[in-house]
Each structure stands twice: as structure tokens, then as C-alpha cells.
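Both backbone and side-chain heavy atoms feed into the values below; hydrogens, waters and symmetry mates do not. Starting from 1, each residue takes its place in the sequence as its number.
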Amino acid sequence: MASKTVEAVLFPGIDVRVERVSDSFDVFVVEAVSTTRPGRCPDCRKQARRIHSTYQRALDERPFASRRVMVRLRVRRYFCDRKSCSRKTFVEQVPGLSERYRRSSTGLTGWLPSIAIELGGRPAARLRRRLRVVAGRTRLLRLLAAPAVPDRAPRVLGVDEFAFRKGCTYGTVLVDVEAGRVVDVLPARTSETFAAWLTEHPGAEIICRDRATAYTKAVREAAPHALEVADRTCCRTCPPRWRRPATSTAAACANMPRRRR
């Protein structure tokens, strides 16, 4: 069986050369040097030819063998030789390992948002301690970015309230029932807030909601032609002639006759 180099184990497919690996206080410290080709200026995209200087960056990497890993990466600073460019020097980035203004590797940066999305702030911070990852709860929460809201509402829209702080502040969550994903989050549970959203995002044909008066009023004002479904409990109490086999509550209730107003 062929033996692998240290670079192939720690940095597969990344242009670095490992010079030293040391074990210090439950932390693997990896000293590496960039071997990538001269980079391009981030402003004018001209490829660099002259080296200004070198310096060492400290990057937190994904844990290895249940041990925290810190990479001390030596990178080069280049001159930008284009006279019209306002940037005189810039630092190279190693694809797959480093990014501008970040103190963690690209791989670890990809881990952290996933942990924050699944667990939130404090639970995610407790997990990262077990994983030997350096990241506080405030940093994890900063990594969360709101997804882009589509211009049109999904065909089957689910709406329900939730508590920002139970007993004090409530909001509204909107879900694409067919895709099974959150579409948007509204800061309140009032009819005015939901009606304004429906007006700005037309296209909902079926709206699954609870029996809150505010949501009923909003649907009647902003989406009067949409079929309203009063959640799963309503479907269970429907007459047998209205119930047909379906894979979702919305699909089952779509077979119900529309109530005349």
C-alpha cells in the first residue's frame, strides 16, 4: 500500500507545502507555505509578477483525530503593476484553504453555517466545543444569512405563527408546502403584515393556515381567489366524500369544494 504525504492527508488538492507539524496543548499546529501560482489583483484582475513581502497567517482548520488544528500559513504579498489601479499591493489567497478577512479555513467556514442553521446559538456553541472548533455563539449567529425571497408566492403556501419570545413577541413563518422549505419570516402576526406580503408576492393558489382571525382576514383581502385550508385537524374532520388519498395535507384539502361567500 502506497504511503501518503502529509499534504495529501491534511490538504488534499490544495497548493501548499507542509514544513512542520507540532503538538502543543491538545492542538495540532501545522506550518505550511503557499505554492500556488501568482495571484491576480482583486480590483483590476491583473496577474502579479513581483513579490512585495511574505507574512504568516493563522487559520483555524477542521479538527483532525479529535484534535483542534491550527494552520500557520505563510503567504506572499504582491505588487500590482497596473498604474491605473488604486490598489498597490495585495495578498494571495490559497484556493480551498484561505479567504480574505477570514481567520478560519474554507472548509471550516463551510462547516460553521451548517451547525448554526441546525442548532442556533448556544446549542451550536456547545457542540463546537465537543468538536474542538473555535467559534463563539455570536460568530455562529453572524454567519446566518437570510435566504432570498422569491418574487411570487409558492402555489401551496403554509402560514403559521411562532414566538420570538413566548408570551411577548410573535411572528409569522411562511412555508412552501410542496418543497418543504421556509419562504419568509414576518416580524408580526397581524393581518396587515400578512396581507401586505400577499400583495407583494402574488401566485398562491392554496393557503394552509390555522384558524386565527388575522390570517383569515388577510387572505380575504389580498388573495380572495386562493383556496383556504384550515390545517390538518380540519382535514381529519371533513366528511368522507371530501377525503381522498394524497401525499400531503394541502393536496388532500385541495379536493374540498370551495365555500361560497
*Cation-aromatic face contact R209/Y215, 6.0 Å, 45 degrees*: no

_Check for me, please, whether V149 and F194 land in the same ILVMFWY cluster - side-chain distances under 4.5 Å, paths through other members count._
yes

*Passes side-chain hydrogen bond (donor to acceptor under 3.5 Å, both in side chains), T190 versus T193? Steps please.*
CA-CA 5 Å; T190 61; T193 304; 2.8 Å; yes

*asked:* Between T199 (side chain only) and A195 (backbone N and O only), is there a donor and an acceptor less than 3.5 Å apart?
replied: yes

*What's the verdict on side chain to side chain contact (heavy atoms under 4.5 Å, CB included) for L140 and R122, showing C-alpha distance, side-chain angles and the deciding distance?*
CA-CA 9 Å; L140 291 169; R122 289 186 175 88; over 6 Å; no

*Any chain of hydrophobic side-chain contacts (each under 4.5 Å) joining L97 to F28?*
yes

_Donor-acceptor check, side chain of T35 to backbone of D15, threshold 3.5 angstrom: yes or no?_
yes

_Heavy-atom donor-acceptor pair, R220 side chain to K217 backbone, under 3.5 Å_ = no

*So, do S84 and C44 sit near enough that their side-chain heavy atoms are less than 4.5 Å apart?*
no

*State, with a plain yes or no, whether a side-chain heavy atom of V69 is found less than 4.5 Å away from one of V30.*
yes

_Going by salt bridge (charged side-chain N to carboxylate O under 4.0 Å, His left out), D81 matches just one of R49, R40, R50. Which one?_
R50

*asked:* Applying side chain to side chain contact (heavy atoms under 4.5 Å, CB included) to L73 and V16, what does each step give before you reach the verdict?
replied: CA-CA 9 Å; L73 178 65; V16 294; 4.0 Å; yes

*Does the side chain of C208 reach to within under 4.5 Å of the side chain of V156, using non-hydrogen atoms?*
yes

*Would you sort out whether E161 and T172 count as a side-chain hydrogen bond (donor to acceptor under 3.5 Å, both in side chains), showing the intermediate values?*
CA-CA 4 Å; E161 64 181 17; T172 300; over 6 Å; no

*R37 vs Q47, side chain to side chain contact (heavy atoms under 4.5 Å, CB included): CA-CA, chis, key distance, verdict*: CA-CA 10 Å; R37 297 180 59 185; Q47 188 167 11; 4.0 Å; yes

*Please check if atom CG in D151 has more than 12 non-hydrogen atoms from other residues, nucleotides or ligands closer than 6.0 Å.*
no

*Sub-3.5 Å donor-acceptor pair from the side chain of S98 to the main-chain atoms of V94, do we have one?*
yes

*Taking C-beta and beyond as the side chain, do M70 and E61 meet within less than 4.5 Å on heavy atoms?*
no

Contacts under 3.5 angstrom, residues 177-185 side chains, donor-acceptor by atom type, not counting sequence neighbours:
from : atom 1 : to   : atom 2 : distance (Å)
E178 : OE2    : R155 : NE     : 3.3
E178 : OE2    : R155 : NH2    : 2.6
D184 : OD2    : W197 : NE1    : 2.9

*So do F79 and I51 actually touch side chain to side chain, heavy atoms under 4.5 Å?*
no

*If every non-hydrogen atom of H201 is compared with every non-hydrogen atom of A153, which pair is closest and at what distance?*
O-CB, 3.2 Å

*What do the steps show when you test R103 against D60 for salt bridge (charged side-chain N to carboxylate O under 4.0 Å, His left out), and what is the final call?*
CA-CA 6 Å; R103 296 184 179 180; D60 288 311; over 6 Å; no

_D26 vs R67, test: salt bridge (charged side-chain N to carboxylate O under 4.0 Å, His left out). Steps then yes/no._
CA-CA 6 Å; D26 200 31; R67 307 287 292 277; 2.7 Å; yes

_Side chain to side chain, I206 and V229, heavy atoms closer than 4.5 Å_ = yes

*Heavy-atom distance under 4.5 Å between the side chains of Y55 and V91, does that happen here?*
yes

_Do V27 and F64 sit in one hydrophobic cluster, given that two such residues count as connected whenever their side-chain heavy atoms are within less than 4.5 Å of each other, even indirectly?_
no

_Side-chain H-bond candidate by donor/acceptor type, E92 with S34, under 3.5 Å_ = yes

*Are the side chains of V71 and V29 in touch, meaning some heavy atoms are under 4.5 Å apart?*
no

*Verdict with reasoning, L127 to I115, per side chain to side chain contact (heavy atoms under 4.5 Å, CB included)*: CA-CA 8 Å; L127 177 62; I115 296 174; 4.1 Å; yes

